[in-house]
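The figures that follow rest on heavy atoms only: side chains count, while hydrogens, waters and symmetry mates do not.
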Amino acid sequence: MPNLKGRTLIVTGASRGIGRALALGLAERGANLVITARGEGALAEAAREAEAKGVQVRHHAGDVAAAETARRLVELARELGRFYGFVHNAGVLHAGPFLWELPERHWNEVLGASLTGAYQLTRFALPELLAAGDGVAVYVGSGAAEYNLPGIGAYAIAKAAEEHLARQVATEAPMVASFAFRPGVVDTGMQEQARSATGGAAQQLQEIFGGYKEKGVLISPEQAAEYLIRVLLADPHRYTGKVYDWRKE
């Protein structure tokens, strides 16, 4: 059974939502952290909260799709010592427009956050984990990867590709526990964005995501984070090359 105490993990998208909850939950278990998000303010606050739990924390604001950001995150993890892997949670939604309505810059942001960010982290982290002979590479996926819903096409495409990347890493580096984690329907900023979507598919998204809120089916970011942390504390290699969805366990 893995012990996270004293090990170092990278968490992306850590300034809010599931990423922030993951960072704080991992810190509670004694893991040292390198956290990132695009904005400095909320990220620094999350770092202070995690540090207050008695662990070492470094934060670096930047776009994880950029090579220099991913490289720096791994450098900071190496400096903290006992680098154990990462959870790539960063994501961008841009809900509402039909695919042909979506501006190119929004397409690039969505694919960059999920897919290119996953590649960049893999590119710089995997050699370190392979040299250590163990570790985890967790990619936060989504049930959206399996269906086509108007208004979130770019996000669904990005998550489908990211989940495939997780399986690819497992095929090429089976000694690292590489898998996709689907957190479920979580009360995050993305849910809010979908409920207030604009564009050609806005009404359909508002009805679907508004229904989640009205029916009370949303779980908290802390609950979602806890499902993943339990796997990391138990046997992450059990899910190597797979998609872990706690709702199907």
Among the clusters formed by ILVMFWY side chains lying less than 4.5 Å apart, do [X] and [Y] turn up in the same one?
X: Ile10; Y: Val138; answer: no
X: Leu149; Y: Val186; answer: no
X: Leu233; Y: Trp246; answer: yes
X: Leu165; Y: Phe181; answer: no
X: Val64; Y: Phe83; answer: yes

Quiz item: So does Arg38 have more than 12 non-hydrogen atoms from other groups sitting under 6.0 Å from CZ?
Solution: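 12 or below, so no.
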Got a sec: does the CZ of Arg16 have more than 12 other heavy atoms crowding it under 6.0 Å?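 Count not over threshold, so no.
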Taking the side chain as every heavy atom from C-beta outward, state whether [X] and [Y] have any atom pair closer than 4.5 Å.
X: Gln56; Y: Glu51; answer: no
X: Glu75; Y: Val34; answer: no
X: Leu115; Y: Tyr119; answer: no
X: Leu129; Y: Tyr84; answer: no
X: Phe209; Y: Leu218; answer: no
X: Gln193; Y: Thr188; answer: no
X: Tyr212; Y: Gln191; answer: yes
X: Glu28; Y: Lys53; answer: yes

Checklist entry - For Glu45, what residues pass the salt bridge (Lys or Arg N to Asp or Glu O under 4.0 Å) criterion, not counting sequence neighbours? => result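 Per chain and number, Glu45 pairs via salt bridge (Lys or Arg N to Asp or Glu O under 4.0 Å) with Arg20.
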Going from [atom1] on [X] to [atom2] on [Y], what distance comes out if it is rounded to the nearest 0.5 angstrom?
X: Gln223; Y: Ile18; atom1: CD; atom2: CD1; result: 11.0 Å
X: Glu109; Y: Leu111; atom1: CD; atom2: CG; result: 11.0 Å
X: Gln203; Y: Thr198; atom1: CD; atom2: OG1; result: 13.5 Å
X: Arg105; Y: Asn108; atom1: CZ; atom2: CG; result: 10.5 Å
X: Leu130; Y: Met175; atom1: CG; atom2: CE; result: 6.0 Å
X: Arg58; Y: Ile35; atom1: CZ; atom2: CD1; result: 11.5 Å

- Where do Leu33 and Leu26 land on the side-chain contact (heavy atoms from CB on, under 4.5 Å) test, with the steps shown first? CA-CA 8 Å; Leu33 299 170; Leu26 290 167; 4.0 Å; yes
If we ignore angles and hydrogens, is there a donor and acceptor under 3.5 Å between the side chains of [X] and [Y]?
X: Tyr239; Y: Ser178; value: no
X: His60; Y: Thr36; value: no
X: His59; Y: Glu40; value: yes

Taking every non-hydrogen atom, the tightest pair across [X] and [Y]:
X: Ser114; Y: Gly91; value: OG-CA, 4.1 Å
X: Ala202; Y: Ala197; value: CB-O, 3.2 Å
X: Leu93; Y: Tyr155; value: CD1-CG, 3.5 Å
X: Asn32; Y: Gly6; value: ND2-O, 3.6 Å
X: Gly13; Y: Asn89; value: O-ND2, 3.1 Å
X: Thr116; Y: Ala65; value: CG2-O, 3.7 Å

(request) Take Glu162 and Lys159, measure what salt bridge (charged side-chain N to carboxylate O under 4.0 Å, His left out) needs, and give me the verdict at the end. (result) CA-CA 5 Å; Glu162 185 179 354; Lys159 288 302 180 183; 3.2 Å; yes
- Going by the salt bridge (charged side-chain N to carboxylate O under 4.0 Å, His left out) test, which pairs reach into residues 134-153, not counting sequence neighbours?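 Residue pairs passing salt bridge (charged side-chain N to carboxylate O under 4.0 Å, His left out), neighbours aside: Glu146-Arg182.
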Please list all pairs passing the salt bridge (charged side-chain N to carboxylate O under 4.0 Å, His left out) test where one or both residues lie in residues 121-131, with sequence neighbours left out.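 Every pair satisfying salt bridge (charged side-chain N to carboxylate O under 4.0 Å, His left out) with a residue in residues 121-131: Arg78-Glu128.
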Candidate pair Phe86 and Leu121, rule side-chain contact (heavy atoms from CB on, under 4.5 Å), full reasoning
CA-CA 8 Å; Phe86 60 82; Leu121 267 181; 3.8 Å; yes
* Asked: Does Glu101 use its side chain to pair, donor to acceptor, with the backbone of Gly200 at less than 3.5 Å?
  -> yes
Does any N or O in the side chain of Arg82 come within less than 3.5 Å of the main-chain N or O of Lys5, such that one atom is a donor and the other an acceptor? yes
- Item | Pair Trp107-Leu99, side-chain contact (heavy atoms from CB on, under 4.5 Å): steps then yes or no | CA-CA 9 Å; Trp107 168 269; Leu99 202 56; 4.0 Å; yes
Check your understanding: Is it true that Glu79 and Arg72 make a salt bridge, defined as a side-chain N closer than 4.0 Å to a carboxylate O?
Key ->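 Salt bridge between Glu79 and Arg72, a charged N being under 4.0 Å from a carboxylate O: yes.
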### Task
Output yes when Lys242 and Glu249 qualify as a salt bridge under the 4.0 Å nitrogen-oxygen rule, no when they do not.
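Between Glu249 and Lys242 there is no salt bridge, as every charged N stays at least 4.0 Å from the carboxylate O atoms.
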The test is side-chain contact (heavy atoms from CB on, under 4.5 Å); show your working for Thr12 and Val87 and say whether it passes. CA-CA 7 Å; Thr12 70; Val87 180; over 6 Å; no
- Message: Using a 6.0 Å distance limit plus a 45 degree cone around the ring axis, check whether Arg230 lies over the aromatic ring of Tyr227.
- Response: yes
Using the six-membered ring wherever Trp is involved, compare the ring planes of Phe98 and Trp100 and label them parallel, tilted or perpendicular (cut-offs 30° and 60°). parallel
